[in-house]
Colleague: 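Next up is a structure, given as structure tokens.
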Amino acid sequence: MAKIITIAIPKGGVGKTTTAVNLAASFAVLEKRVLLIDTDPFGACGMSLGFTQEKTKGGLYEVFSFIHSMAQVIHHTELAYLDFIPTNITSQQAEERITRLSENRTLLKNILRTITPQYDYVIIDTPPILRGLTTNALSCSDSVLIPIKPGHFSLEGIEKLFKYFEWIQEVANRNLEIEGILQTMYEPHTKVTEITDRELQLRFRKYLLKTIIPKNTQLTESSFYGKPAILFNASSKGTLAYLELARELAEKHKEAAQLQNPVTVQIPAPIKNEQV
């Protein structure tokens, strides 16, 4: 069964979509079967993977409207192990409709059950708001990954998300966990970064991931070409950082699985000495 990770924070411009796309691509490079789902009506994940309107055969909108099944809107990408489902919102009316439909917070959870056995990971990108499709995403997820760009507003976004996280646990998904806080667009030796680092250590140390994503123009440029960074410049600092993040999370999940399912070693019974 796939591990479902939602990327969420109620703050735009922190690298949420960049993280969703490039973490999914990095897992795929590590030969993990990955499904990336875009729940943001803006559709940035699709643009980052080169899926223009002409190349899109349907998405969450059609699934939520019971026009297509999830299997029918899966799009194969340039990476063999990475599949993608867009939102496919093409009008204001469609956005309003999917917003109303997403008030049923278990809708995505029920629909996903049909396809999760095919994957090792499901990565869900969310809009920068804490309701509707974000609630659907968190209600069906195993964990939430929180990207944060150095700055005061990002810190406040974490506080807001944590309160929302507790509400989701109470009403919809008691098993939801914090995957970790990921520092993105990181610029060392600046005052803002120093203050953010200090606050993160004081308030959220146990959630901080080891991997840090540096500020890197290659990550931004790759989206213009409709490619994840690994297919645009495999040796860039941003690409390597997301590969390291995928390795860190994969190792963390492997260790957690071993603790839940410890290997039992059977000790053979002692051989009895028989008298001839």
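The figures that follow rest on heavy atoms only: side chains count, while hydrogens, waters and symmetry mates do not.
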Colleague: What is the distance from atom CD1 of Ile124 to atom CG of Leu36, rounded to the nearest 0.5 Å?
Modeller: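 Going from CD1 on Ile124 over to CG on Leu36, the span is 9.5 Å.
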Colleague: Any side-chain to backbone donor/acceptor pair from Glu96 onto Gln93? Under 3.5 Å, distance only.
Modeller: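 No, Glu96 side chain to Gln93 backbone: no donor-acceptor pair under 3.5 Å.
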Colleague: Determine which pairs satisfy side-chain hydrogen bond (donor to acceptor under 3.5 Å, both in side chains) with at least one residue from residues 22-45, sequence neighbours left out, and list them in order.
Modeller: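 Residue pairs passing side-chain hydrogen bond (donor to acceptor under 3.5 Å, both in side chains), neighbours aside: Arg33-Asp120.
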Colleague: Heavy atoms, side chains only, cut-off 4.5 Å: are Val73 and Lys57 in contact?
Modeller: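 In short, these two side chains do not touch, never coming nearer than 4.5 Å.
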Colleague: So Glu159 and Arg203, salt bridge (Lys or Arg N to Asp or Glu O under 4.0 Å) or not? Walk me through it.
Modeller: CA-CA 10 Å; Glu159 293 281 7; Arg203 295 152 63 182; 2.7 Å; yes
Colleague: Within the 3.5 Å criterion, strictly below it, is a donor on Thr211 or Glu244 matched to an acceptor on the partner's side chain?
Modeller: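 On atom types as modelled, these side chains do not qualify, holding no pair under 3.5 Å.
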Colleague: Assess whether atom NZ of Lys55 is packed by more than 12 heavy atoms of other residues, nucleotides or ligands within 6.0 Å.
Modeller: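 Result for NZ/Lys55: open.
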Colleague: Would Leu202 and Tyr207 show up in the same hydrophobic cluster when neighbours are defined by side-chain heavy atoms closer than 4.5 Å?
Modeller: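 Shared cluster, no.
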Colleague: Through direct or indirect side-chain contacts below 4.5 angstrom among Ile, Leu, Val, Met, Phe, Trp and Tyr, which residues connect to Met47?
Modeller: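 Phe42, all in the cluster of Met47.
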Colleague: Are Val21 and Phe232 joined in one hydrophobic group, where the rule is that I, L, V, M, F, W and Y side chains link up if heavy atoms are under 4.5 Å apart?
Modeller: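 No, it is not one cluster - the side chains of Val21 and Phe232 are not joined through contacts under 4.5 Å.
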Colleague: For the CG atom of Leu107 and the CG atom of Leu101, what is their distance to the nearest 0.5 Å?
Modeller: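 Those atoms lie 7.0 Å apart.
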Colleague: Should Leu208 and Leu145 be counted in the same cluster of Ile, Leu, Val, Met, Phe, Trp and Tyr side chains packed under 4.5 Å apart?
Modeller: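 Leu208 and Leu145: separate clusters.
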Colleague: To check you understand the geometry: which heavy-atom pair defines the closest contact between Cys140 and Leu112, and what is its length?
Modeller: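 The pair with the smallest heavy-atom distance is SG-CD1, 3.7 Å.
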Colleague: Minimum heavy-atom separation for Ala28 to Leu82, with atom names?
Modeller: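 Smallest heavy-atom distance, with atoms named: CB-CB, 3.8 Å.
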Colleague: Which distance, rounded to the nearest 0.5 Å, do you find between the CG of Asn233 and the CD of Gln218?
Modeller: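 If I round to the nearest 0.5 Å, the distance is 4.5 Å.
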Colleague: Answer whether the closest heavy-atom distance between the side chains of Ile115 and Ile85 falls below 4.5 Å.
Modeller: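 Of all side-chain heavy-atom pairs linking Ile85 with Ile115, at least one is under 4.5 Å.
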Colleague: What residues form a side-chain hydrogen bond (donor to acceptor under 3.5 Å, both in side chains) with Ser223, not counting sequence neighbours?
Modeller: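 Once residues adjacent in sequence are excluded, Ser223 has no partner under the side-chain hydrogen bond (donor to acceptor under 3.5 Å, both in side chains) criterion.
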Colleague: At their closest point, which heavy atom of Thr56 faces which heavy atom of His75, and how far apart are they?
Modeller: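 Minimum heavy-atom separation between Thr56 and His75: CA-NE2, 3.6 Å.
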Colleague: With ring pair (Phe, Tyr, Trp, His ring centres under 6.0 Å) as the criterion, how do His253 and Tyr121 come out once you've worked through the C-alpha distance, each side chain's angles and the decisive distance to 0.1 Å?
Modeller: CA-CA 11 Å; His253 303 151; Tyr121 285 98; 5.4 Å; yes
Colleague: Checking Ile123 against Leu23 for the side-chain contact (heavy atoms from CB on, under 4.5 Å) test, could you report, in this order, the C-alpha distance in whole Å, the side-chain angles of both residues, the deciding distance, and whether it holds?
Modeller: CA-CA 8 Å; Ile123 307 296; Leu23 175 60; 4.3 Å; yes
Colleague: Determine whether Ser143 and Glu179 satisfy the following criterion, side chain to side chain donor-acceptor pair (under 3.5 Å), listing intermediate values before the conclusion.
Modeller: CA-CA 5 Å; Ser143 62; Glu179 189 67 45; 2.5 Å; yes
Colleague: Going from CE on Met185 to CG on Leu219, what distance comes out if it is rounded to the nearest 0.5 angstrom?
Modeller: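 Interatomic distance, Met185 CE to Leu219 CG, rounded to 0.5 Å: 9.0 Å.
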Colleague: Does a side chain donor of either Tyr242 or Thr19 reach within less than 3.5 Å of an acceptor in the other side chain?
Modeller: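 There is such a pair between these side chains.
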Colleague: Is the shortest heavy-atom distance from the side chain of Leu108 to the side chain of Met70 under 4.5 Å?
Modeller: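 Yes, close enough: below the 4.5 Å cut-off.
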Colleague: List the steps and the verdict of side-chain contact (heavy atoms from CB on, under 4.5 Å) for Glu78 and Leu231.
Modeller: CA-CA 9 Å; Glu78 293 181 73; Leu231 295 179; 3.7 Å; yes
Colleague: Just by modelled atom types, is the Ala2 backbone N or O under 3.5 Å from a matching donor or acceptor in the Thr116 side chain?
Modeller: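 Looks like no, no N/O pair under 3.5 Å.
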Colleague: Applying side-chain contact (heavy atoms from CB on, under 4.5 Å), run through Ile158 and Leu200 and close with a yes or a no.
Modeller: CA-CA 10 Å; Ile158 295 179; Leu200 287 172; 4.0 Å; yes
Colleague: Looking at Leu79, is its backbone amide N or carbonyl O close enough to the side chain of Thr77 to form a donor-acceptor pair, meaning the two atoms are under 3.5 Å apart?
Modeller: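 Yes, Thr77 side chain to Leu79 backbone: donor-acceptor pair under 3.5 Å.
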Colleague: Are any of the side-chain heavy atoms of Asn216 and Ser236 separated by less than 4.5 Å?
Modeller: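 Of all side-chain heavy-atom pairs linking Ser236 with Asn216, at least one is under 4.5 Å.
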Colleague: Just by modelled atom types, is the Tyr186 backbone N or O under 3.5 Å from a matching donor or acceptor in the Lys149 side chain?
Modeller: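 Not a single qualifying donor-acceptor pair exists.
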Colleague: Got a second to check how far Glu187's CD is from His189's NE2, nearest 0.5 Å?
Modeller: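 Answer rounded to 0.5 Å: 11.0 Å.
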Colleague: Return the minimal non-hydrogen interatomic distance between Pro228 and Ala25, and the atom names on each side.
Modeller: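 Answer, listing the atom of Pro228 first, then Ala25: CB-CB, 3.7 Å.
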Colleague: Got a sec, which residues hit side-chain hydrogen bond (donor to acceptor under 3.5 Å, both in side chains) with Glu62, two or more places apart in sequence or on another chain?
Modeller: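 Counting only residues at least two positions away or on another chain, Glu62 forms a side-chain hydrogen bond (donor to acceptor under 3.5 Å, both in side chains) with Asn88.
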Colleague: For atom CD of Glu177, is the number of surrounding heavy atoms from other residues, nucleotides or ligands below 6.0 Å larger than 12?
Modeller: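 12 or below, so no.
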Colleague: Could you tell me which non-hydrogen atom of Phe153 sits nearest to which non-hydrogen atom of Lys11, and how far apart they are?
Modeller: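 Distance-wise, the nearest heavy atoms are CB-CE, 3.5 Å.
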Colleague: Are side-chain N/O atoms of Thr196 and Thr193 paired as donor and acceptor at under 3.5 Å?
Modeller: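 Checked: Thr196/Thr193 side chains show no N/O donor-acceptor pair below 3.5 Å.
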Colleague: Between Lys237 (side chain) and Lys215 (backbone), is there a donor-acceptor pair under 3.5 Å?
Modeller: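 Checked: no pair found.
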Colleague: Would you kindly confirm whether Ile181 and Leu138 end up in one hydrophobic cluster when ILVMFWY residues are joined by side chain heavy atoms under 4.5 Å apart?
Modeller: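 Per the 4.5 Å side-chain linkage, Ile181 and Leu138 are co-clustered.
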Colleague: Can you find a side-chain donor-acceptor pair between Thr99 and Ser102 that sits under 3.5 Å?
Modeller: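 No.
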Colleague: Nearest 0.5 Å please: distance from the NZ atom of Lys252 over to the CG atom of Leu209.
Modeller: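 These two atoms lie 6.0 Å from each other.
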Colleague: Is Ile37 close to Val122 at the side-chain level, that is, under 4.5 Å between some pair of heavy atoms?
Modeller: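 Yes. Closest side-chain heavy atoms under 4.5 Å.
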Colleague: State, yes or no, whether a side-chain contact exists between Ile195 and Arg198 at a heavy-atom distance under 4.5 Å.
Modeller: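 Contact flag for Ile195/Arg198 side chains = yes.
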Colleague: Can you find a pair of side-chain heavy atoms, one from Gln183 and one from Asp197, that are under 4.5 Å apart?
Modeller: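 Result yes, sub-4.5 Å side-chain heavy-atom pair found.
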Colleague: Looking at Ser154 and Pro150, would you say the former's side chain and the latter's main chain have a donor-acceptor pair under 3.5 Å?
Modeller: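 Checked: no pair found.
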Colleague: Applying side-chain hydrogen bond (donor to acceptor under 3.5 Å, both in side chains), can you list everything that pairs with Thr106, at least two apart in sequence or on another chain?
Modeller: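 Scan of Thr106 (side-chain hydrogen bond (donor to acceptor under 3.5 Å, both in side chains), adjacent residues dropped) gives Asn104.
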Colleague: Show your working on side-chain contact (heavy atoms from CB on, under 4.5 Å) between Ile4 and Lys109 and close with a plain yes or no.
Modeller: CA-CA 10 Å; Ile4 305 174; Lys109 181 178 182 178; over 6 Å; no
Colleague: Sub-3.5 Å donor-acceptor pair from the side chain of Thr239 to the main-chain atoms of Ser235, do we have one?
Modeller: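 No: the side chain of Thr239 does not pair with the backbone of Ser235.
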Colleague: Mind checking what makes side-chain hydrogen bond (donor to acceptor under 3.5 Å, both in side chains) contact with Thr6, not counting sequence neighbours?
Modeller: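 Checked Thr6 against side-chain hydrogen bond (donor to acceptor under 3.5 Å, both in side chains); matches are Ser141.
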Colleague: Could you walk me through whether Tyr119 and Tyr81 satisfy the ring pair (Phe, Tyr, Trp, His ring centres under 6.0 Å) test, starting with their C-alpha distance in whole Å, then the side-chain angles of each, then the deciding distance to 0.1 Å, before giving a yes or no?
Modeller: CA-CA 9 Å; Tyr119 297 97; Tyr81 286 83; over 10 Å; no
Colleague: What pair of heavy atoms forms the shortest contact from Gly12 to Pro128, and how long is it?
Modeller: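 Nearest heavy atoms, Gly12 then Pro128: N-CB, 4.0 Å.
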Colleague: So, do Arg247 and Leu30 sit near enough that their side-chain heavy atoms are less than 4.5 Å apart?
Modeller: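 A side-chain contact under 4.5 Å exists here.
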Colleague: Say whether Ile146 and Trp167 are linked into one hydrophobic cluster, either directly or through other cluster members, by side-chain heavy-atom distances under 4.5 angstrom.
Modeller: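 Yes; Trp167 is reachable from Ile146 via cluster members.
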Colleague: Backbone N or O of Cys45 within a donor-acceptor pair of the Thr17 side chain at under 3.5 Å?
Modeller: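 A pair under 3.5 Å: no.
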